[in-house]
Amino acid sequence: MKESYNGEDVLIKDVEVQGRRVNIKVEGGRFAAIGEEAGGEADVVIEGRGAVALPGLYNTHTHAAMTLLRGYADDMLLQAWLSEKIWPLEAHLTGEDVYWGTQLACLEMIRSGTVGFNDMYFFMDEAARAVDKMGMKAQLAYGFIDLFDEEKREKEIKATEALVSSIQAMNNPGIKAAVGPHAVYTVSEEGLSWCAEFSRQQNIGIHVHLAETEQEVTDCVAKTGVRPTQVLDRCGLLTPRTVAAHCCWLDSDDCALLGDRGVFASHNPTSNMKLAVGRAMPYGLLKERGAGLCLGTDGCSSNNNLDMFEEMKFAALLQKFFWHSPTILPAGEALAMASANGAEALGFKGGRLEVGAPADLVLLDRRAACNTPLYNAVSNAVYACNGGAVTTVLCDGRVLMQDGVVPGEAEVLDGARQAIAGLLERHQASVSE
Ligand SMILES: C[C@H]1O[C@@H](n2cnc3c(O)ncnc32)[C@H](O)[C@@H]1O
Ligand SMILES: [Zn+2]
């Protein structure tokens, strides 16, 4: 994990980058040289023959510790799924559960080529400890849910302030704090406005669910007279630091507003299809209006994995299917959403294979069936492969996985299994009380 590779120089020999065979030199966590001439001494030498290099991937919307709830409740509509199954179980989560659940998520993300993610959940100081241990990068937000209750709002404010202080005290440039107002149907306008003002004062990100279902929009219009996007805007939450997850039921004025405010829309096609939200994010309109576009898996209970390769494919296919256009969201754009755009959405500079950029890199097995034949590496990455083809992952130059080995994997799996057993036991005890 992080400690064993931190600060080491890396040389990747004879690897394929955009159709060329090159060497890649990493110094001080950044790409120092990419080309035939790159070489010299290095602490770690990786044989790249037989591999294709891609930028490291960024998952811009997830609830990492929900790995513990994978397969716990499937085949339901969002509101019933949350209120009947997910929230009653989450009520029994502990900080220790989130620590192990987040490590399990990191393990799965590393194995499938993700180097950074945007998380909204509970006990987030424990999530931060897990991210630090696993050597990834993340933007972490406490899921602020006041349910329109003033007393609860005060508690959520304190929890948000405490998380921001504890992350700032960690002094890890790869771990950033954000505010996480859950959605317009769970947070009062007072709570939303407080989050906006606090994020402005602290200059930190905003992570919010937006227009996931038609019901969210119709209920919001009935209650407030305006659409969810306008509620967020009048509370000050639409900014270039904002990642709005889902964005399925946006109309053209909503898209224009997100574009004008410089918001990043995180597309979550797998979760949207599984929860049958009934509409795909209006990718074409958002792009035309200049909004940022990135990709996320959502939590492991609505996906049910964290594989950004699958997410790229489903994004491209869902857009083509829903908007009746084979040309919308081509493979290159899906990869950009999952890499450089995602990094930018979270305020990181990585996700690009360029000299001077942070060394976020994924090696894919070019001998795998999904890479045979290899006319076009980006086409194969998006349409043919999944995370199973990833062999090696670097995050800011740290080697998190080499030739399929992630150090500490058995301990993480063990800890997660124990956390799941404890969580189910506590839940069961409360049901039989
Ligand atoms: C942080 C809270 O958000 C819940 N959650 C997980 N997935 C979704 C989703 O698709 N829409 C809305 N809320 C979601 C999670 O269970 C936490 O309670
Ligand atoms: Zn979500």
Side-chain angles (χ1 to χ4, degrees), residues 59-94 97-98 101-102 105 117-124 126-127 138-147 152 155-156 159-160 163 178-187 191-192 195 206-217 219-220 228 232 242-249 264-281 294-306 311 314 345 423 427:
N59 183 345
T60 57
H61 177 63
T62 192
H63 311 281
M66 288 186 87
T67 48
L68 301 183
L69 279 61
R70 188 196 323 268
Y72 175 72
D74 298 312
D75 312 321
M76 298 174 77
L77 285 176
L78 176 74
Q79 280 310 328
W81 173 76
L82 280 174
S83 55
E84 291 166 24
K85 301 295 291 189
I86 300 299
W87 285 336
L89 187 58
E90 284 178 340
H92 299 280
L93 278 171
T94 64
D97 295 339
V98 169
T102 306
F117 63 102
N118 194 26
D119 202 22
M120 179 205 291
Y121 213 51
F122 314 115
F123 302 103
M124 294 304 283
E126 293 296 328
Q139 175 172 270
L140 306 176
Y142 171 74
F144 188 116
I145 299 179
D146 69 12
L147 300 177
K152 176 104 173 91
K155 286 194 187 128
E156 300 301 81
T160 300
L163 175 69
V179 294
H182 176 262
V184 296
Y185 57 90
T186 45
V187 188
L192 296 172
C195 288
I206 297 166
H207 184 181
V208 63
H209 293 96
L210 173 62
E212 184 175 2
T213 60
E214 186 173 27
Q215 189 186 345
E216 173 183 334
V217 177
D219 287 354
C220 181
L232 295 190
T242 305
V243 176
H246 301 293
C247 296
C248 307
W249 287 87
F264 283 83
S266 175
H267 189 18
N268 295 232
T270 310
S271 168
N272 296 158
M273 288 191 281
K274 184 160 184 269
L275 292 167
V277 300
R279 193 171 190 260
M281 183 178 95
C294 49
L295 266 188
T297 57
D298 209 350
C300 246
S301 194
S302 60
N303 184 301
N304 291 7
N305 66 38
L306 302 171
E311 215 58 44
F314 282 136
L423 175 61
H427 180 53

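For reference, positions follow the sequence shown, starting with 1. Both counts, for ligands and for their atoms, begin at 1 and track the order of listing. Just so it is clear, the values below take in all heavy atoms, side chains as well, and ignore hydrogens, waters and symmetry mates.
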Exercise for the section: Keeping the roles fixed (side chain from Glu156, backbone from Ile145), state whether a donor-acceptor pair exists under 3.5 Å. Expected result: yes

Fill in the blank from the handout: Output for pair (Leu210 CG, Leu232 CG), nearest 0.5 Å, gives 5.5 Å

Problem - Total protein N, O or S atoms, the Zn ion (ligand 2), separation less than 2.8 Å - result: 4

Exercise for the section: Return the set of residues passing side-chain hydrogen bond (donor to acceptor under 3.5 Å, both in side chains) with Asp219 (not counting sequence neighbours), or none when no residue passes. Expected result: Gln215

Practice task
Check the angle between the aromatic planes of Phe122 and Tyr142 and answer parallel, tilted or perpendicular using the 30° and 60° thresholds.
Solution key: perpendicular

Exercise for the section: Could you point out which residue of His182, Gln139, His61 forms a side-chain hydrogen bond (donor to acceptor under 3.5 Å, both in side chains) with His207? Expected result: His61

Problem - Donor-acceptor under 3.5 Å (Thr60 side chain, Leu295 main chain) - result: yes

Practice task
Write out the protein residues near ligand 1, meaning a non-hydrogen atom under 4.0 Å from one of its atoms, in order of chain and number.
Solution key: His63, Met66, Leu78, Trp81, Leu82, Ile86, Trp87, Glu90, Met120, Tyr121, Phe122, His182, Tyr185, His209, Glu212, His246, Asp298

Practice task
If the plane angle is over 60° it's perpendicular, under 30° parallel, otherwise tilted; pick one for Tyr72 and His427.
Solution key: perpendicular

Fill in the blank from the handout: side-chain hydrogen bond (donor to acceptor under 3.5 Å, both in side chains) filter on Asn305, not counting sequence neighbours, yields Glu310

Problem - Min side-chain heavy-atom separation Cys247-His267 under 4.5 Å - result: no

